[in-house]
Amino acid sequence: MKGNDSSAEKLENERHFHQTAKKPQLKPTPPPRKKRKLKSQAFREAMTGYFFLAPALVLLGVFLLYPMGAAFYYSFTDFYILTPDDVSFIGLENFKYIVEDAQFRQAFWNTVYFSVIVVPVQLSVALGLALLINKKLRFRVFFRTAFFSPVVMSLVVVSILWTFMYNPNEGLINQLLQTVGIPPQPFLTSPDQAMNSIIVMSVWQGAGFQMMIFLAGLQNIPNHLYEAADIDGASSWQKFWHITLPGLRNIALFIFITISIAAFKLLVQPMIMTQGGPLGTTKSLVYHIYETGFNYRDVGYASAMAVVFTVIVLVITIIQRVLIKEERG
Amino acid sequence: MKKFTYMFLGLMLLLAVAACSNGSGGAESDGGNAGNEESDGSETSDTVETGEVDTSVEATGDEDVVLEFWIHQTGEDETNAYIELIDDFNKEHEDIHVNAEVIIDDGASAYSDSINAALVAGNLPDVMAIDGPYLSSFADAGVIQPIDDYVDQETVDQYVDSIIQQGTYQDQLYSLGAMEASVMLYYNKDILEEEGIEPAHSLDEAWSWDELLENSKKMTTEDRYGLNLFMNYGVGEWLTFMGAPLVWSNGGDLISEDGKEVDGYLNSPETLEALNYVKELFAEGVVTESPGEMQFEEGKAALALGGPWIAVSAEEAGINWGMMPYPYKDEKVSPSGSMAYAITTNTENPEEATELMKWMTNEEATIKISEATGMPPAQESAFESMDKFNELPWSVMKEQVIETAHARPSTPAYPVLTDAFAQSFHAAALGEDVESVVEQQVSRVERELKRFNK
């Protein structure tokens with residue numbers, strides 16, 4: 001407390017100091033009329049506001065708005081990286097090809113499949129972990145750390161590690177399976193299993209983060225509700241259904257939206273683990289866009305796909321927003 | 001605070017584990033950047049950092065010509081060899097100064113990303129290293145310029161044919177390289193002896209496709225594969241580098257000679273037959289699509305169709321190994337191609353830039369780089385001066401590089417073409433219907449070709 005007092009005092013002193021220091025600066029140009037004075041002061045305040053906004057606005061413009069605008073523009077051109085001086089306008093050609101492009105279609109459905117599985121599974125796993133850890137267990141801190149640590153690791157590193165673990169001949173998982181008599185599985189090399197293997201790894205990597213958010217939510221639910229329920233003789237299932245879940249609703253919705261968007265942006269796992277294979281079964285939309293733009297240098301077509309991708313994500317987000325509003329009402 | 005201590009310790013442990021496994025796993029690469037493979041195999045610790053190189057010769061400021069030079073960074077020994085060569089060049093040429101910049105080449109796209117960025121911004125250097133088969137697209141786009149005017153025929157004749165083939169686009173010479181690369185059929189001597197199989201000791205004795213299949217079958221057991229095709233390198237340049245000679249040997253091609261027509265080439269009966277041979281190898285179970293990193297080195301595969309770097313890692317692993325020529329069907333051909341140098345259209349001093357290229361790829365340089373990387377040299381005379389290549393097993397590689405090396409197709413659509421072939425090869429390995437996959441890939445390449453066939 002003592003420390004607080006003295007720092008408050010210090011703050012007071014500083015404020016005082018600033019006031020005395022600034023006064024002479026405010027004075028030198030006394031405006032002739034009261035009305036103008038107000039106007040110029042408002043103007044000056046606005047300018048100060050913009051001045052403080054400027055760094056953020058400039059960064060936003062340079063790294064977000066300009067690239068978005070450029071991508072939109074290039075999506076109507078045949079921009080090829082090797083000939084940046086020879087870009088011609090080709091209208092809707094790129095967008096027409098998106099409809100024909102079998103790879104785009106495959107990548108789209110791969111991404112949808114990934115999202116539709118990952119979102120509910122990761123949400124439930126995160127909630128389950130949070131519920132477990134919220135109990136007063138022994139080694140609680142250890143488990144919390146263990147569940148959260150994959151989140152802190154680089155996704156690239158995690159992907160490489162899991163690629164080793166999934167190896168049919170020498171991988172950890174297959175060796176464990178063999179000890180219980182199950183033959184080695186081609187986790188990443190079979191078209192039927194590759195995407196599911198990536199899903200399992202992604203949930204393992206990502207759930208820890210949402211677990212922490214759920215945990216914060218759980219600890220926010222007032223304890224007296226549970227106590228009241230105990231007095232009423234509620235079972236633990238009833239308590240979970242009628243107290244815990246409603247108490248977490250807003251947090252769950254927030255997590256739902258963020259996971260959905262993140263899932264749609266799937267890139268690193270297939271890039272590192274399967275290069276989109278086998279037979280394109282793990283190629284995601286973003287990966288297809290990346291390959292087209294950088295490996296095949298077709299920036300025009302890649303931009304067109306990026307525009308379509310943005311629209312898709314936008315639509316999904318809007319739909320989710322509408323649903324959320326309904327639930328609140 | 002205690003919580004954080006636990007969390008921190010746990011994390012450090014995980015990261016340490018991750019770092020270790022990462023180190024041993026990151027060393028693989030594809031054939032296109034075959035130069036990546038370091039002489040010390042899995043433990044590539046690079047002390048040379050990406051960026052401006054501190055060459056020991058400083059520019060005095062009164063040189064007439066200053067050349068910007070980009071080299072790819074793959075391993076310490078290789079980069080040091082380049083730096084020494086550049087130093088010598090600067091000493092030797094009073095009027096020219098070379099500023100070298102080392103750019104990381106991870107075997108994926110890091111190096112080409114740098115080139116792409118500089119290209120769009122218009123900051124390309126005077127001379128740069130490029131991956132052999134990508135030359136056509138750079139030449140077609142006018143990014144690099146022909147050097148015929150600055151190189152005489154006598155100089156050209158000193159290089160192995162495949163390197164000149166790789167450096168030529170539409171009858172004009174664009175690039176010179178110091179390194180060749182190849183794919184040999186490595187074998188485990190102990191296993192062959194055990195099974196009573198006689199290896200080939202020269203190009204004349206090379207195995208045919210049938211012999212490869214038969215012998216691989218014979219040597220496949222419960223806990224050992226007959227053959228390793230390094231499918232663990234992923235679906236990329238490696239599959240084209242290693243696999244395309246199967247097509248050529250069968251009289252097929254990936255694309256027409258002029259690089260403008262793919263229908264009737266990538267889907268020709270000869271190409272399909274070659275891919276179906278690959279399919280058969282996998283179907284017979286003599287090779288797996290997911291081998292461990294060190295399958296051959298650990299004696300878990302009797303044969304391996306691998307790059308020059310496998311000789312190094314096999315030697316390190318202490319197995320009793322040898323190498324045979326690439327197996328053939330009708331004509332004997334073998335993989336070829338590596339990083340090479342080209343001068344950009346940005347340069348104002350093409351003559352001096354070519355001088356630098358010649359310096360970086362002369363006999364002395366090719367020997368130096370071959371010693372640092374384990375890759376075969378690109379100058380024929382270098383093979384003679386290096387003792388190693390005049391006795392078994394390396395004499396087989398020398399014979400193969402000089403006699404049968406075949407450059408990858410020359411077409412500006414190469415980036416798409418190589419992926420199309422790699423996808424087809426991979427589909428064959430997975431036992432898919434080769435024909436339908438190839439047809440799909442043909443239409444993909446055709447769309448890309450439209451851009452260049454205007």
Side-chain angles (χ1 to χ4, degrees), chain A residues 78-86 97 100-103 139-142 144-146 148-150 152-154 156-158 160-161 163-171 184 186-191 271-280 290-301, chain B residues 2-4 6-11 13-15 17-19 21-22 25-26 108-109 112-113 115-117 119-122 137-138 140-143 225 231-232 234-236 288-295 298 300 412-413 415-416 419 423 426-427 429-430 432 437 440 443-444 447-448 451:
Chain A
D78 65 349
F79 190 167
Y80 187 66
I81 287 189
L82 294 188
T83 51
D85 301 325
D86 177 25
Y97 187 63
E100 297 166 27
D101 185 1
Q103 281 192 316
F139 306 119
R140 193 162 63 128
V141 177
F142 169 77
R144 191 187 302 175
T145 312
F148 189 69
S149 52
V152 194
M153 283 166 75
S154 147
V156 174
V157 173
V158 174
I160 293 174
L161 284 178
T163 310
F164 290 138
M165 283 163 58
Y166 276 141
N167 185 294
N169 302 303
E170 287 136 44
F187 287 116
L188 292 175
T189 46
S190 139
M271 197 172 184
I272 304 275
M273 300 174 79
T274 59
Q275 292 93 47
L279 306 176
Y290 169 84
E291 274 201 332
T292 308
F294 290 95
N295 294 6
Y296 310 134
R297 304 158 174 168
D298 195 346
V299 177
Y301 182 50
Chain B
K2 212 171 163 193
K3 276 182 227 170
F4 288 103
Y6 274 114
M7 205 176 256
F8 182 73
L9 282 175
L11 268 177
L13 200 73
L14 275 167
L15 290 177
V17 172
S21 338
N22 195 2
S109 61
S112 60
D113 284 352
I115 293 184
N116 288 343
L119 222 156
V120 176
S137 56
F138 288 120
D140 188 81
V143 175
Y225 284 97
M231 298 300 284
N232 53 316
V235 185
T288 167
E289 78 269 5
S290 47
E293 298 269 325
M294 304 287 276
Q295 194 192 42
E298 285 167 353
K300 289 178 185 161
V416 174
D419 186 61
Q423 298 289 351
H426 190 233
L430 290 174
E432 295 289 317
V437 173
Q440 237 180 26
S443 61
R444 230 183 109 203
R447 174 179 184 267
E448 180 71 7
R451 183 189 301 280

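Keep in mind that what you see is a predicted model, and the values were worked out from it rather than measured. First the proteins, then the strands, lettered A, B, ... as listed; each starts at 1.
- With values rounded to the nearest 0.5 angstrom, A/D298 atom CG is found 6.0 Å from B/E448 atom CD.
- Residue B/S443: no heavy atom, backbone or side chain, is found under 4.5 Å from chain A.
- In summary, of the residues considered (B/I115, B/V120, B/L119), a side-chain contact (heavy atoms from CB on, under 4.5 Å) with A/L82 occurs for B/L119 alone.
- For B/V416, the parts lying under 4.5 angstrom from a heavy atom of chain A are both the backbone and the side chain.
- With chain A as partner, the option from B/V143, B/V235, B/L430 having the largest number of non-hydrogen pairs under 4.5 angstrom is B/L430.
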A/D101 vs B/R447, salt bridge (charged side-chain N to carboxylate O under 4.0 Å, His left out): CA-CA, chis, key distance, verdict: CA-CA 11 Å; A/D101 185 1; B/R447 174 179 184 267; over 6 Å; no
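- Both the backbone and the side chain of A/N295 come within contact range of chain B, each with at least one heavy atom under 4.5 Å from a heavy atom of that chain.
- Seen from the ring of B/F138, A/R297 counts as a face-on cation partner, given the 6.0 Å and 45° thresholds.
- Neither the backbone nor the side chain of A/Y166 comes within less than 4.5 Å of any heavy atom in chain B.
- Looking at residues two or more places apart in sequence or on another chain, you find a side-chain contact (heavy atoms from CB on, under 4.5 Å) between A/T83 and A/Y80, A/D86, B/A141.
- Looking at B/M231 and A/T189, their side chains never come closer than 4.5 Å, going by heavy atoms from C-beta outward.
- With a threshold of 4.5 angstrom between heavy atoms, A/E291 does not approach chain B through any atom at all.
- A search for side-chain contact (heavy atoms from CB on, under 4.5 Å) contacts involving A/Q275 returns A/Y287, not counting sequence neighbours.
- Proximity to chain A involves both the backbone and the side chain of B/N116, based on heavy atoms less than 4.5 angstrom apart.
- By the 6.0 Å contact criterion, CZ on A/F294 is open, its count of non-hydrogen atoms from other residues, nucleotides or ligands being 12 or less.
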